[in-house]
Amino acid sequence: MLGAGGVTGDAFHRGVLRALLEGGWDARTADVIVGTSAGSMVGAHLRRPSAPAPGHDREESVHGQRLGRGPDLSPLLATLRRPWQARAGVLSTSILPTGRHSTEFIAAGVRRFHGSTWPDDPLYVVAVRRRDGRRVVFGRDGAPRTDLAHAVAASCAIPGFFHPVEIEGEFYVDGGVHSPTNADVLRGCALDVVIVSAPMSVDRSGLRPALDLVPRLHARRYLRRELAPMRRTGVVTIAFEPGGDLLSVMGVNPLRGARVDEIEEASAARAAGALAARPDVLERLGASAAGDRRSA
């Protein structure tokens, strides 16, 4: 599970993945990868083939018919019809104007390796349908069919900053609007270990006063609620969350890339410490890998 988090979140994910690799487990071998926003870009990288896709170097628009600059009140109206399902992210999507920036550069990077196809190994990309705030998980059965470039661009379309992405006549925005992690997407899957990299959450053992502490605690509450049903069924779970000095390095602006190298280093060190405190995680992953080899 690779959560939302912008540029700083991408660096955080890289640190977590490095610590896992140094601990003996390669995330590219995961049975399923779920990516939200920045996490969808990392997921696409983990699932990418060894060579670029031929004939897909040119940029293609992922935005379809451009929308106006004003706010779109349809998610707010949909929420008013279902107030018990209200989410702060969906409400904010109605208030914010349509973003000025394009996610076509994100789509172009994904398209360069994946072309117009979807990876063979399971990859779920989370976005939100703009007109009603519903979560859509591209790559999962029942989701609209599209290529990975469109899905990742949609998952990264931060409301108010990026322009929505059009897929089969519907506009989609950042999957973090629904949840920064969307870990409950894996509920019901036959898994023995669930690993979550959650850049927008916070480790309560390393709390620091910060302007973004309240939304981070909110993200943490979402994540715990999403993981609880899996934990009750015996699934081993571990969540990597920033805390301590790493929070200061990441700052409050997730789109600021000035300290990404420091973030990656600090994230890797923190994740290595978390893994050392939870030897059952790598042991279970090692046992799973050995079992898979025996089955093969």
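None of the values given here were measured: they were computed from a predicted structure. Note that these values count all heavy atoms, side chains included, but never hydrogens, waters or copies made by symmetry.
- Of the possible polar contacts, none joining the Arg225 side chain to the Asp184 backbone as a donor-acceptor pair under 3.5 Å is found.
- For Asp245, the CG atom counts as loosely surrounded, since its 6.0 Å shell holds 12 or fewer non-hydrogen atoms of other residues, nucleotides or ligands.
- Counted within 6.0 Å of CZ on Arg204, heavy atoms from surrounding residues, nucleotides or ligands total 12 or fewer; the atom is thus considered open.
- With a 4.5 Å cut-off on side-chain heavy atoms, Phe113 and Leu148 do not count as touching.
- Put simply, the side chain of Arg135 reaches to within 4.5 Å of the side chain of Val185, judged on heavy atoms.
- One finds a salt bridge joining Glu241 and Arg224 here, because a Lys/Arg side-chain nitrogen approaches an Asp/Glu carboxylate oxygen to under 4.0 Å.
- Here Arg216 pairs with Asp212 in a salt bridge; the nearest charged N to carboxylate O distance falls below 4.0 Å.
- When all heavy atoms of Thr36 and Gly176 are compared, the pair lying nearest together is CG2-N, 3.4 Å.
- Atom CZ of Arg256 sits in a sparse spot, with 12 or fewer heavy atoms from other residues, nucleotides or ligands closer than 6.0 Å.
- Within 6.0 Å of atom CG in Asp120, 12 or fewer heavy atoms from other residues, nucleotides or ligands are found, so the atom counts as exposed in its surroundings.
- Going from atom OH of Tyr124 over to atom CG of Asn182 covers 13.5 Å, rounded to the nearest 0.5 Å.
- Taking 4.0 Å as the cut-off between side-chain N and carboxylate O, Arg111 and Glu104 do not count as a salt-bridged pair.
- Separating the SG atom in Cys156 from the CZ atom in Phe105 is a distance of 8.0 Å, to the nearest 0.5 Å.
- Ring pair His101/Phe162 is perpendicular by interplanar angle, where above 60° counts as perpendicular and below 30° as parallel.
- Considering CD of Glu265 and CG of Leu246, their distance stands at 11.5 Å, rounded to 0.5 Å.
- Minimum interatomic distance between Glu226 and Ala183 (heavy atoms only, all atoms of both residues): OE1-N, 2.9 Å.
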